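Worksheet: the structure to be examined is printed underneath.
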Protein chains: 2
Amino acid sequence: MAVTIKDLARETGLANATISAYLNGIPVREYNRIKIEEAIKKLGYIRNDYARGLKTHRSGTIGVLIPELSNVFSTTIITEIEECLRNKGYGIIVCDCRTDLHREEESVRFLLSKMVDGLIIMPVSTDKKAFAVAVQKNIPVVVIDRKTNSEDVSHIVINNREISREATERILAKGCRKIALVTGDTEVYTAKERKAGYEDAMRKAGVYDESFVKNGGLSVDGGYSATKEILAEIPDVQAIFVTNYEMTIGSIIAINEEGRKIGKDIEFTGFDKVEITSAFVPAMHTVNQPLEEIGRVAADVMTEMIEGACPRDIVLKAEIL
Amino acid sequence: MAVTIKDLARETGLANATISAYLNGIPVREYNRIKIEEAIKKLGYIRNDYARGLKTHRSGTIGVLIPELSNVFSTTIITEIEECLRNKGYGIIVCDCRTDLHREEESVRFLLSKMVDGLIIMPVSTDKKAFAVAVQKNIPVVVIDRKTNSEDVSHIVINNREISREATERILAKGCRKIALVTGDTEVYTAKERKAGYEDAMRKAGVYDESFVKNGGLSVDGGYSATKEILAEIPDVQAIFVTNYEMTIGSIIAINEEGRKIGKDIEFTGFDKVEITSAFVPAMHTVNQPLEEIGRVAADVMTEMIEGACPRDIVLKAEIL
DNA sequence: CAATTAAGTCGAAACGATACGAGTAGTGGG
DNA sequence: CCCACTACTCGTATCGTTTCGACTTAATTG
């Protein structure tokens, strides 16, 4: 069957252990090195990662678990995480659990059975139950995008509430009072925080009105519908603040379709780096999450934890463009 | 350390082999089953796939390799593939290679080192070099979305050329003659095919004009810019046909922004299931790829091949809505 | 040149699961 | 009540590495 270390040993007349040493970068005699390298080439040896992982309990792989694969936020971060970890010699295994708690836990088990050396997770809920198994097995866990009730893991989030307050205040500063919010289900940590920031600002200005808040379900068509509703129900709405990428796209389409001009008939602030923003500048603003940075920091914190560092909580800053 | 089969054996008073049997679905005595299940829950046992793979030479994992994670087409298919394979007891490992040939090959090696039982790939090029290593190792390969020059693998594609021709013909039938096309880089198989279909129809009608074709780079902002250009350069353009989801979104924004009404001032056909389509119906049409079906068929063909079936070439049909 | 030290090499025991032939309960018929 | 037969269950070898203490070289030194 497959070529093993034993075949190399037989071929070279050396012991298994010596071959293994060579393969792991431990120095061997010059003439042995040559013999081994020749044998490897001749027999076409490839290391069996299973045997190795079984023995070492390490896989060189990090598990990445997210609720949905279908949004720009997740995929951008994943791409960056992969890039960084790859540079450090790690590969990643990605799972999405479709925002399903049961599947989430199942996925954690799947990843653990693959012997991942660490777990980066964007949890469905704020409960630590999802990744408890991993923590219990002493596997480093980095949680991104959401705070949870666990102290054993690192958290990497952005200043959702503040930045949303600030974005709302900026709109208020322009003299707008009727400012609508398109947000996600407030069960979700980020949606809740962003709504809270908006509410902070609106209440302070004494213009908060629950009916100005619509749930856009975090999707393009949800953002589209929510915006349509807003425009219909509040004809004199002066501004709209949308709190994620997909809904922003949907919202723009709806506004345009209704014949209103962003920056002229209506103020608009979206979320995440909408590539087409440049074409709207300065008419449209966006709250820009440092997606790449989130990915990079997650990867860094992960490798630090693998090397024994303690969990850390990091808050990154979004900016308004 | 980690909980092993031996711990379960000690806990239950049974032999390793019996536990293993249970874990592999071989029937055990009712009262033993209960004991085992309790022990698993109590100790938090998770099977060590590495030990298992070492022994069985199988991993229960399929590798999925795509050029980009950042488009709806890929992510929808991946989600479906995962769903189907999960139901058959397989997990998936996803890699994206950022449309980089070098990374692509590297990723194939990575996946092989993870001992995947099969490889589902959306290759960057039409050359079989990318997955040659896998084929050589006798690992089943399913190629989706693109045809390659390999006979050792299964191909699952849609009728790109025909459906694009048909979509174009439908627009022509409405009396339009100046029909612009927003496409991707024609190095890409699907972009090439779709452009070819458009060209077929336009030439047949005697109205083909190279300057009506714009490259939208497959992205939202690319589609936006390309459409802006079209509207500026061909003021009397009568219709626009866009050939992927992201560009469709960008294009719609651009058209709206220029104050033209889809279905009234301009005919519009997009690509892929744009969720907000319903709001435009019947003003806007879309070429609908059976994304879920692609994923499902890919998963089916993969498991068939693992069980020894020969490679197959399957062409699925897109529809115009 | 003997003694010491450093540098490589060795053999065998794990790692945690599965496979296989052999053994032991449980079941039903005579 | 026993025998044959089915249906589990058992012990152990094995997969391909790494690990570890012991051992053998080679190099260094007084």
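Chain A is the first sequence line, chain B the second, and so forth, proteins listed ahead of strands; every chain is numbered from 1. No experiment lies behind these values; they were computed from the predicted model shown.
- What separates NE2 of A:His57 from P of D:dT19 is a distance of 10 Å, to the nearest Å.
- Sorted pairs that involve residues 142-151 of chain A and meet salt bridge (Lys or Arg N to Asp or Glu O under 4.0 Å), not counting sequence neighbours, are lacking altogether.
- Rounded to an integer number of Å, the gap from CG of A:Leu54 to P of C:dA13 is 17 Å.
- Rounded to whole Å, the distance from CD1 on B:Ile46 to P on C:dG16 is 14 Å.
- Judged as a salt bridge (charged side-chain N to carboxylate O under 4.0 Å, His left out), and not counting sequence neighbours, A:Glu292 has no contacts.
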Per-nucleotide protein contact along nucleotides 8-13 of chain D, 5' to 3', at a 4.0 Å heavy-atom cut-off (B base, S sugar-phosphate only, - neither), is SSBB--
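- Among residues two or more places apart in sequence or in another chain, the side chain to side chain contact (heavy atoms under 4.5 Å, CB included) test is passed with A:Lys128 by A:Phe131, A:Asn149, A:Ser150.
- Applying the side-chain hydrogen bond (donor to acceptor under 3.5 Å, both in side chains) test between A:Tyr22 and each of A:Arg33, A:Arg29, A:Glu37, A:Lys35 identifies A:Glu37 as the sole match.
- Rotation axes derived from the C1' atoms of the five outermost pairs at either end of the helix from C:dC1-D:dG30 to C:dG30-D:dC1 lie 30° apart, to the nearest 10°.
- Electrostatic pairing of A:Arg86 and A:Glu82 counts as a salt bridge here, judged by a charged N lying under 4.0 Å from a carboxylate O.
- In this structure, B:Arg52 does not reach the D:dC15 phosphate: none of its side-chain N or O atoms is under 4.0 Å from OP1 or OP2.
- Among the heavy atoms of the strands, none lies under 4.0 Å from A:Asp49.
- An OP1 or OP2 oxygen of D:dT18 is reached within less than 4.0 angstrom by a side-chain nitrogen or oxygen of A:Ser20.
- Sorted by first and then second residue, the salt bridge (Lys or Arg N to Asp or Glu O under 4.0 Å) pairs involving residues 60-70 of chain A (not counting sequence neighbours) form an empty list.
- Residues meeting the side chain to side chain contact (heavy atoms under 4.5 Å, CB included) test with A:Ile26, sequence neighbours left out: A:Ala21.
- Atom CG of residue B:Leu69 and atom CZ of residue B:Arg98 lie 10.0 Å apart, to the nearest 0.5 angstrom.
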Pull out every protein N or O sitting under 3.5 Å from an N or O of nucleotides 21-23 of chain C, one pair per line with the distance.
none

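- When the C1' atom of C:dT18 is taken as reference, atom CD1 of B:Ile5 falls 8 Å away, rounded to whole Å.
- Between A:Arg10 and A:Asp7 a salt bridge is recorded (basic side-chain N to carboxylate O distance below 4.0 Å).
- Residues of residues 109-119 of chain B having a heavy atom closer than 4.0 Å to DNA chain D: none are found.
- If you check every strand for non-hydrogen atoms under 4.0 Å, A:Tyr45 touches sugar and phosphate atoms only.
- Nucleotide C:dT18 holds its C1' atom 13 Å from the NZ atom of B:Lys6, rounded to whole Å.
- A distance of 8.5 Å separates OG1 in A:Thr190 from CD1 in A:Ile158, rounded to the nearest 0.5 Å.
- For A:Pro140, the side chain to side chain contact (heavy atoms under 4.5 Å, CB included) criterion is met by A:Met302, A:Met305, A:Ile306, not counting sequence neighbours.
- For residues 299-311 of chain A, every residue pair satisfying the side-chain hydrogen bond (donor to acceptor under 3.5 Å, both in side chains) rule, not counting sequence neighbours, is listed here: A:Lys88-A:Asp300, A:Lys88-A:Thr303, A:Glu304-A:Arg312.
- The CD1 atom of B:Ile144 sits 8.0 Å away from the OG atom of B:Ser74 when rounded to the nearest 0.5 Å.
- Distance, A:Asn48 CG to C:dC15 C1': 13 Å, rounded to whole Å.
- A:Arg33 places its CZ atom 18 Å from the P atom of C:dA7, with the value rounded to the nearest Å.
- Residues satisfying the side chain to side chain contact (heavy atoms under 4.5 Å, CB included) test with B:Thr61, not counting sequence neighbours, are A:Lys114, B:Ser59, B:Ile93, B:Val116.
- Note: CZ (B:Arg58) to C1' (D:dG16) measures 18 Å, nearest angstrom.
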